[in-house]
> 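One structure, as structure tokens, below. Some questions next.
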Amino acid sequence: MRKEVYSGDGRRLAVEISGDPGGSPVFLLHGTPGSRLGPAPRPMLLYHQQVLLITYDRPGYGPSDPLPGRTVAHVAADVAAIADALGFERFAVVGRSGGGPHALACAALLADRVTRVAVLVSLAPRDADGLDWFAGMAASNVSEYSKALASPDRLAASLRKRSVAIRSDPVRLLSQLRRDLTESDLRVVADAGVRAMLLRNYREALRVSADGWVDDALSFCSPWGFNPADISVPVLLWHGEQDVFSPPSHTRWLAARIPSVTAILQPAAAHFGSLRVLPDIVTWLLGGRQPVATAGHD
């Protein structure tokens, strides 16, 4: 079910609600680029887990109004506004890929409302002390984030040009990503259901503009607006060791600084392996046991 919610400063946010109407509320924050229609546990599984899943388009994605110059920290106010509109005082949060830093923002800035936070294949802050931020990162992402640091206007022009082509044919983005996919990730996206979900996600993300994509990239390379070391709520970090989009060293850095943290690094998994563990992650968010890392295939 789609709803429109308005932020405290009057911006429109497109919200999607699925799962058990009487279930425990869980926010799922999408990747980059991404939308509220991105990868999520199947509705029947959400009913079985008694979960009410809330996803929404960050500013500039889908029909959500843009917020130029937003920081990662800005997400907390929008999540709080959505929770207020839906009548939730307490809730859990999970963020995957580009949603990871935003989930950490909720953990840091909404500690009185957030029960648990899970973060999958996230980046660390660009100014992370002692971290070689680009080490192990695919050339395509190095190029994108280097533009964000050196020339935001060049980045914006590049992503807007790409988004026009992707909007007309979302398969283009998957084709571009395939160049950097590991064998592990190729197995995940070979699934027809996963591919269909990703294509729907990218089409919706960019159907109005590339603003969300541009602002996400800029926000990751700017000060986030909070210190991960100040997070007090329980946090679960998950990362595939073979990930070249968000290198696992970023999760190691975060794990060394967040106080109430559990980190799982999956040896044979990569970036899209996070899709397969989402149901287990949701179980943990509701107070269940944590997923177990294995040495086998993801």
> Walk me through it: do Arg113 and Asp84 pass the test salt bridge (charged side-chain N to carboxylate O under 4.0 Å, His left out)?
CA-CA 11 Å; Arg113 304 190 67 174; Asp84 289 344; 2.9 Å; yes
> With the threshold set at 4.0 Å, does a side-chain nitrogen-carboxylate oxygen contact exist between Asp169 and Arg203?
no
> Sub-3.5 Å donor-acceptor pair from the side chain of Ser151 to the main-chain atoms of Lys147, do we have one?
no
> Which heavy-atom pair separates Ser168 from Ala165 by the least distance, and what is that distance?
OG-O, 2.9 Å
> Salt bridge or not between Arg252 and Glu241? Use side-chain N to carboxylate O under 4.0 Å.
yes
> Specify the closest pair of heavy atoms between Ala103 and Ala118, including all atoms of both residues, with the distance to one decimal.
CB-O, 4.1 Å
> Report the distance from atom OG1 of Thr251 to atom CG of Asp243, rounding to the nearest 0.5 Å.
8.5 Å
> Between the side chains of Asp211 and Tyr61, is a donor N or O closer than 3.5 angstrom to an acceptor N or O?
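Not at all, the side chains of Asp211 and Tyr61 share no donor-acceptor pair under 3.5 Å.
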> Please check if the side chain of Arg160 supplies one atom and the backbone of Ala210 the other of a donor-acceptor pair under 3.5 Å.
no
> Salt bridge check, Arg178 against Asp185: does any charged N sit closer than 4.0 Å to a carboxylate O?
no
> Is it true that Val119 and Trp253 fall in one hydrophobic cluster, defined by side-chain heavy atoms closer than 4.5 Å?
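Looking at the clustering, Trp253 is in the same group as Val119.
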> Answer yes or no: is there a side-chain heavy-atom contact under 4.5 Å between Val282 and Pro41?
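Sidechains of Pro41 and Val282: in contact.
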> Regarding Ser249 and Asp132, do their side chains bring together a donor and an acceptor under 3.5 Å, going by distance alone?
no
> To the nearest 0.5 angstrom, please state how far the CG atom of Asp280 sits from the CD atom of Gln49.
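Nearest 0.5 Å value for the CG-CD distance: 8.5 Å.
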> Between Thr32 and Gly98, what is the shortest heavy-atom contact and its length?
OG1-CA, 3.3 Å
> Would you mind reporting whether Ile231 and Leu104 have side-chain heavy atoms less than 4.5 Å apart?
yes
> Under the side-chain contact (heavy atoms from CB on, under 4.5 Å) test against Phe91, which residue among Leu110, Thr115, Ile54 passes?
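Among Leu110, Thr115, Ile54, the one meeting side-chain contact (heavy atoms from CB on, under 4.5 Å) with Phe91 is Leu110.
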> To check you understand the geometry: which heavy-atom pair defines the closest contact between Val5 and Ala81, and what is its length?
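Here Val5 and Ala81 meet closest at CG1-O, 4.0 Å.
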> Checking Ser260 now: which residues fulfil side-chain hydrogen bond (donor to acceptor under 3.5 Å, both in side chains) with it, not counting sequence neighbours?
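Counting only residues at least two positions away or on another chain, Ser260 forms no side-chain hydrogen bond (donor to acceptor under 3.5 Å, both in side chains).
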> Verify the cluster assignment for Val121 and Tyr145: are they in a single hydrophobic cluster under the rule of side-chain heavy atoms below 4.5 Å apart?
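Different clusters.
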> So which heavy atom on Val261 is nearest to which on Ala255, and how close?
CG1-O, 3.4 Å
> When hydrophobic residues are tied together by side-chain contacts of less than 4.5 Å, even through go-betweens, does Val114 share a cluster with Trp284?
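No, Val114 and Trp284 fall in different hydrophobic clusters.
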> Regarding Ser246 and His239, do their side chains bring together a donor and an acceptor under 3.5 Å, going by distance alone?
no
> Between Pro101 and Ser122, is there a side-chain heavy-atom distance shorter than 4.5 Å?
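Yes - at least one pair of side-chain heavy atoms lies under 4.5 Å apart.
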> Under the 3.5 angstrom rule, does the side chain of Thr55 hit a backbone N or O of Arg36 as a donor-acceptor pair?
yes
> Determine whether Ile17 and Leu52 satisfy the following criterion, side chain to side chain contact (heavy atoms under 4.5 Å, CB included), listing intermediate values before the conclusion.
CA-CA 7 Å; Ile17 303 168; Leu52 181 64; 3.3 Å; yes
> More than 12 heavy atoms of other residues, nucleotides or ligands under 6.0 Å from CE of Met1: is that the case?
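It does: Met1 CE has more than 12 such atoms within range.
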> Specify whether Trp133 and His250 have parallel, tilted or perpendicular ring planes, treating 30° as the upper limit for parallel and 60° as the lower limit for perpendicular.
tilted
> Whether the side chain of Ser64 engages the backbone of Ala14 through a donor-acceptor N/O pair (distance < 3.5 Å, no angle test) should be reported.
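Between the backbone of Ala14 and the side chain of Ser64 there is a qualifying donor-acceptor contact (under 3.5 Å).
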> Please say which of Arg12, Arg11, Arg70, Arg58 ends up in a salt bridge (Lys or Arg N to Asp or Glu O under 4.0 Å) with Asp78.
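For Asp78, the salt bridge (Lys or Arg N to Asp or Glu O under 4.0 Å) check succeeds only for Arg11.
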> Would you say the ring centroid of His102 lies under 6.0 angstrom from that of Phe27?
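No, ring centres 6.0 Å or more apart.
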> Taking the side chain as C-beta and beyond, is there a heavy-atom pair between Phe245 and Leu177 under 4.5 Å?
yes
> Main chain of Ala139, side chain of Ser143: is a donor-acceptor contact present, judged purely on distance under 3.5 Å?
no
> When you compare the side chains of Ser24 and Gln50, does any donor N or O come within less than 3.5 Å of an acceptor on the partner?
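The criterion, which ignores hydrogens and geometry beyond distance, is not satisfied for Gln50 and Ser24.
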> Main chain of Ser35, side chain of Asn201: is a donor-acceptor contact present, judged purely on distance under 3.5 Å?
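Looks like yes, one N/O pair under 3.5 Å.
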> So for atom CZ, which belongs to Arg42, do other residues, nucleotides or ligands contribute more than 12 heavy atoms lying within a distance under 6.0 Å?
no
> With rounding to the nearest 0.5 angstrom, report the OG to CG distance, Ser274 to Leu120.
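If I round to the nearest 0.5 Å, the distance is 5.5 Å.
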> Within this structure, what is the CZ-CD distance for the pair Phe220 and Glu144, rounded to the nearest 0.5 Å?
9.5 Å
> Give a yes or no on whether a salt bridge exists between Glu183 and Arg187, defined as a side-chain N under 4.0 angstrom from a carboxylate O.
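Looking at Arg187 together with Glu183, the answer is yes, because their closest N to O distance falls below 4.0 Å.
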> Would you say that Tyr202 contacts Arg172 through its side chain, given a criterion of any heavy-atom pair below 4.5 Å between the two side chains?
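Counting from C-beta outward, Tyr202 and Arg172 never come under 4.5 Å.
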> Give, for atom OG1 of Thr262 and atom CZ of Arg116, the distance between the pair rounded to the nearest 0.5 Å.
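So the gap between those two atoms works out to 8.5 Å.
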> Does the gap between the ring centers of His30 and Tyr56 come in under 6.0 Å?
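Ring centroids of His30 and Tyr56 are no less than 6.0 Å from each other.
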> Check whether more than 12 heavy atoms from other residues, nucleotides or ligands sit under 6.0 Å from atom CG of Asp129, and answer yes or no.
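For Asp129, atom CG is not crowded (no more than 12 foreign heavy atoms under 6.0 Å).
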> Under 4.5 Å between side-chain heavy atoms, counting indirect links through other Ile/Leu/Val/Met/Phe/Trp/Tyr residues: same cluster for Phe134 and Leu155 or not?
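Not linked; separate clusters.
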> State whether the side chain of Ser158 and the backbone N or O of Arg154 hold a donor-acceptor pair below 3.5 Å, judged by distance alone.
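Pair absent, no side-chain N/O of Ser158 close to backbone of Arg154.
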> If we only count heavy atoms from C-beta on, is the Trp224 to Arg126 side-chain gap below 4.5 Å?
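Heavy-atom side-chain distance check fails, nothing below 4.5 Å.
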> Specify the closest pair of heavy atoms between Pro39 and Leu28, including all atoms of both residues, with the distance to one decimal.
O-CD2, 3.4 Å
> Does a sphere of radius 6.0 Å around CD in Glu4 hold more than 12 heavy atoms from other residues, nucleotides or ligands, not counting ones at 6.0 Å or beyond?
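Yes, enclosed.
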> Hey, mind stepping through Thr71 and Ser222 against side chain to side chain contact (heavy atoms under 4.5 Å, CB included) and telling me if it holds?
CA-CA 7 Å; Thr71 65; Ser222 305; 6.0 Å; no
> Is a donor from one side chain sitting under 3.5 angstrom from an acceptor on the other, for Asp9 and Ser7?
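Side chains of Asp9 and Ser7: pair found under 3.5 Å.
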> Please report the C-alpha distance between Val26 and Val93 in whole Å, then the side-chain angles of each, then the deciding distance to 0.1 Å, and finally whether the side chain to side chain contact (heavy atoms under 4.5 Å, CB included) criterion is met.
CA-CA 6 Å; Val26 174; Val93 181; over 6 Å; no
> To the nearest 0.5 Å, how far apart are CG in Leu29 and SG in Cys106?
5.5 Å
> Compare all side-chain heavy atoms of Lys3 with those of Leu86 and state whether any distance is below 4.5 angstrom.
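They are in side-chain contact.
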> Walk me through it: do Leu265 and Trp238 pass the test side chain to side chain contact (heavy atoms under 4.5 Å, CB included)?
CA-CA 6 Å; Leu265 286 103; Trp238 186 97; over 6 Å; no
> Consider only side-chain heavy atoms of I, L, V, M, F, W and Y, link residues closer than 4.5 Å, and tell whether Leu199 and Phe272 are in one cluster.
yes
> Could you check whether any side-chain heavy atom of Ser18 comes within less than 4.5 Å of a side-chain heavy atom of Leu46, counting everything from C-beta outward?
yes
